[in-house]
Amino acid sequence: MTGPHSRHRRALAIPLGMAMATAMAFLPGASASAAGLPGTTAGVTGAVSDVLASADADGTALSYVVNVRPGHGPSGQVKKAIAAAGGTIVTSYDQIGVIVVHSSNPDFAKTIRKVRGVESAGNTRNAPLPAQSTTDEGTPKALNSAQLAAAQAAADAGQDPLESLQWDLPAIKADKAHEKSLGSSKVTVAVIDTGVDDTHPDLAPNFDRAASVNCVTGKPDTTDGAWRPSAAESPHGTHVAGEIAAAKNGVGMTGVAPGVKVAGIKVSTTAGYFYTEAVVCGFVWAATHGVDVTNNSYYTDPWYFNCTDDPDQKALVDAITRATRYAEKKGVVNVAAAGNENYDLAADKITDPVSPNDGTPSDRVIDPSKCFDIPTQLPGVVTVAATGAKGIKSSFSNHGLGVIDVAAPGGDSTAYQTPQPPATSGLILGTLPGGKWGYMAGTSMASPHAAAVAALIKSTHPYAPPALVKALLYAEADATPCTDPYDINGDGKVDAVCEGSKNRNGFYGWGTVDALDAVTK
């Protein structure tokens, strides 16, 4: 598939053939634009403002990560070298040896990589601080009053008013799971994303404020509400949060794990970029604030794939690998979306036409075994492909034998995969800022389903370490055989090739996640 692609979120618009459109309009494939409008992020004050103010007035400063040996912080020698090279330390994550630096020196990374004790270093962006805004790509389309009333009338006894529209719940047996358990309030899933509107009536009962933060600059900002998106920013993180833990409270929709807590870790700039320093901050925050599962429905800007033979891109891979591994050592299960380009991530080569998305992109051919989508392809991270209402791979979902771990509902074109009535849309219902609900689709929507099932497993087995939670997630998944031939639009042409067996293949990994097994086994 081709078309304008959201570089920062794994949600997209699909031909609907129906009145109810997606909540945000994104298509995979080519543009460097990102949703968002210029302006100041609501609630971002204090330390964040200080950091932004430290950027040079001429706007030429870039952000860098400098990776050193973990443990005791940067040595005096490294600190002096950073200053001598024209750098200013913003913050340092000593436990993983990642230093966030701002500098206007275009040779900063090249210079600092020669310093003894520096293991890797690179710029995290091409656009000067703060990131340049780009055009808005879509307007959220919430359910209107008539659609809300129709859904409520179709709801069965015991269902939340909009639950009849959520074909994705029975698709993974979440409706049956809820008869056994809603999940434990002692379990928290952190949504590392564009921000979460915790004032939403479906999210407020389950929101974990203590585990929420704004990490946009790479330095935690705990100002009250700093984790919320502004009116000009994407509703993506709020939608994801509702899929995970919208409360079963007689209001709106029901999350896959409606009894667990959900936190918002905001890592997206106002312009919609997810930069390395913010993502590192998000994982370290989750690791140190009692989070059990993180959901990551994005890839780290500005490179779709980060090639380890490039010293700048290698530094980004190093930094986020350290952060995800640290989080897992602290008890966190990290779950990530596979992406929306219908790429075979196990192929010998892939053409990436959109990187860097904050600079001048070019058609570069990469080897996905050496150039990584981060955090999706990092060791230990659960990689999730998307399925539609018919239970087969979504038309857009990336795939790849040995790369995809599990599959979960992410929606698809209603024309391709039509749900059973009373559901009317093949997309995924979620919460939107301002107390609304609407549809989105993408592997962005699949990942939170898997994250929520992991949270149910953690609720059932509260002392299980991440390795066991992941093992149960895979073992309890429903084996889903390859769809062969895969001709999603019925035009007689094969749209993707699935490799592997029924028990593990490139479309569905170990299978489709199972919420009922998560609460009963």
Can you give me every donor-acceptor pair (side chain of residues 375-382, partner residue at least two apart or in another chain, under 3.5 Å) with its distance?
from   : atom 1 : to     : atom 2 : distance (Å)
Thr376 : OG1    : Arg10  : NH1    : 3.0
Thr376 : OG1    : Ala337 : O      : 2.7
Gln377 : OE1    : Asp373 : N      : 2.8
Gln377 : NE2    : Pro368 : O      : 3.4

Return all side-chain donor-acceptor pairs below 3.5 angstrom for residues 459-469, not counting sequence neighbours, or 'none' if the list is empty.
from   : atom 1 : to     : atom 2 : distance (Å)
Ser459 : OG     : Ser184 : N      : 2.9
Ser459 : OG     : Ala455 : O      : 2.8
Thr460 : OG1    : Leu456 : O      : 3.0
Thr460 : OG1    : Ala518 : O      : 2.7
His461 : NE2    : Lys521 : O      : 2.7

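Glu476 has no carboxylate O lying under 4.0 Å from a charged side-chain N of Lys173, or vice versa, which leaves the two without a salt bridge.
Pro409 is listed as a side-chain neighbour of Trp167, based on a closest heavy-atom distance under 4.5 Å. Under the 4.5 Å side-chain criterion, counting only non-hydrogen atoms from C-beta, Leu345 is in contact with Ile350. Side-chain atoms of Lys470 and Glu328, non-hydrogen and from C-beta on, do get closer than 4.5 Å to each other. Side chains of Tyr508 and Ile392 form a contact here, defined as non-hydrogen atoms less than 4.5 Å apart. Contact of the Tyr486 side chain with the Lys393 side chain is registered, since non-hydrogen atoms from C-beta on lie closer than 4.5 Å. No side-chain heavy atom of Ile457 sits less than 4.5 Å from a side-chain heavy atom of Val333. Using a 4.5 Å heavy-atom threshold, the side chains of Glu119 and Arg322 count as touching. Two residues are said to be in side-chain contact when any heavy atoms from C-beta on lie closer than 4.5 Å; Tyr326 and Thr288 meet this criterion.
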Show the numbers, then the answer: is there a ring pair (Phe, Tyr, Trp, His ring centres under 6.0 Å) between Tyr343 and Tyr304? CA-CA 12 Å; Tyr343 287 150; Tyr304 193 110; 5.8 Å; yes
List the steps and the verdict of side-chain hydrogen bond (donor to acceptor under 3.5 Å, both in side chains) for Thr254 and Asp160. CA-CA 6 Å; Thr254 302; Asp160 275 348; 2.9 Å; yes
Stepwise side-chain hydrogen bond (donor to acceptor under 3.5 Å, both in side chains) check, Asp367 with Ser369: CA-CA 5 Å; Asp367 178 349; Ser369 70; 2.7 Å; yes
Start with the C-alpha distance between Phe207 and Ser212, add both sets of side-chain angles, then the distance that settles side chain to side chain contact (heavy atoms under 4.5 Å, CB included), and finish with yes or no. CA-CA 9 Å; Phe207 194 73; Ser212 298; 3.0 Å; yes
Could you go through Val256 and Leu169, starting from their C-alpha distance and side-chain angles, then the distance that decides it, and tell me whether this counts as side chain to side chain contact (heavy atoms under 4.5 Å, CB included)? CA-CA 7 Å; Val256 174; Leu169 295 184; 3.9 Å; yes
Please report the C-alpha distance between Ser164 and Gln159 in whole Å, then the side-chain angles of each, then the deciding distance to 0.1 Å, and finally whether the side chain to side chain contact (heavy atoms under 4.5 Å, CB included) criterion is met. CA-CA 8 Å; Ser164 62; Gln159 287 188 325; 4.3 Å; yes
Assess whether side-chain hydrogen bond (donor to acceptor under 3.5 Å, both in side chains) is satisfied between Asp478 and Thr512, documenting all intermediate values. CA-CA 5 Å; Asp478 294 330; Thr512 304; over 6 Å; no
Can Val100 and Tyr275 be said to form a side chain to side chain contact (heavy atoms under 4.5 Å, CB included), step by step? CA-CA 11 Å; Val100 179; Tyr275 286 122; over 6 Å; no
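Rounded to the nearest 0.5 Å, atoms CD1 (Ile172) and CG (Asp514) are 8.0 Å apart. Here the CH2 atom belonging to Trp285 is positioned 7.5 Å from the SG atom belonging to Cys215, to the nearest 0.5 angstrom. One finds the CZ atom of Phe372 at 9.5 Å from the CD1 atom of Ile366 (value rounded to the nearest 0.5 Å). With values rounded to the nearest 0.5 angstrom, His239 atom NE2 is found 5.0 Å from Met445 atom CE. Atom CD1 of Ile374 and atom OG1 of Thr276 lie 5.0 Å apart (nearest 0.5 Å). Note that the OG atom of Ser297 and the CD1 atom of Ile192 stand 10.5 Å from one another [nearest 0.5 Å].
In this structure a side-chain-to-backbone donor-acceptor pair under 3.5 Å is missing from Glu243 to Gly430. Checking side-chain atoms of Ser413 against main-chain N and O of Ala415 turns up a donor-acceptor pair under 3.5 Å. In this structure, Asp193 contributes its side chain and Gly195 its backbone to no donor-acceptor pair below 3.5 Å. For Asn398 (side chain) and Asn342 (main-chain N/O), a donor-acceptor pair under 3.5 Å exists by modelled atom type. Looking only at distances, a side-chain donor or acceptor of Ser181 sits under 3.5 Å from a matching main-chain atom of Gly183. Of the possible polar contacts, one joining the Asn340 side chain to the Thr443 backbone as a donor-acceptor pair under 3.5 Å is found.
Nearest heavy-atom pair across Ala127 and Asp358 is N-OD2, 3.3 Å. The minimum heavy-atom distance between Ala327 and Ala287, with the atom names listed, is CA-CB, 3.6 Å. The heavy-atom pair separating Ala450 from Val384 by the smallest distance is CB-CG2, 3.7 Å. Nearest heavy-atom pair, Ile404 versus Gly506, reported as atom, atom and distance to 0.1 Å: CG1-O, 3.5 Å. Here the closest heavy-atom approach between residue Gly242 and residue Met253 is recorded as O-CE, 3.5 Å. Between Thr238 and Val196, the closest heavy-atom pair is OG1-CA, 3.7 Å.
Considering Asn296, Asn295, Thr300 in turn, Asn296 is the only one that fulfils the side chain to side chain donor-acceptor pair (under 3.5 Å) rule with Tyr298. Applying the side chain to side chain donor-acceptor pair (under 3.5 Å) test between Asp412 and each of Ser397, Ser395, Ser394 identifies Ser395 as the sole match.
Judged purely by distance below 3.5 Å, without hydrogens or angles, the side chains of Asp208 and Thr188 pair a donor atom with an acceptor atom. For Asn334 and Thr294, the side-chain atoms include at least one donor-acceptor pair closer than 3.5 Å. Under the 3.5 Å distance criterion, with hydrogens and angles disregarded, a donor-acceptor pair is assigned to the side chains of His236 and Ser444. Using a 3.5 Å distance cut-off with no hydrogens or angles, the side chains of Asp202 and Trp437 do pair a donor with an acceptor. For the residue pair Asp318 and Ser120, a side-chain donor N or O sits within less than 3.5 Å of a side-chain acceptor on the partner.
Within 6.0 Å of NZ in Lys436 there are 12 or fewer heavy atoms belonging to other residues, nucleotides or ligands. No more than 12 heavy atoms of other residues, nucleotides or ligands shown are found within 6.0 angstrom of NZ on Lys330. Around atom CG of Asp491, more than 12 heavy atoms belonging to other residues, nucleotides or ligands sit under 6.0 Å away. For CZ of Arg504, the number of neighbouring non-hydrogen atoms (other residues, nucleotides, ligands) closer than 6.0 Å is greater than 12.
Every residue two or more places apart in sequence or in another chain was checked for a salt bridge (Lys or Arg N to Asp or Glu O under 4.0 Å) with Glu499, and none qualifies.
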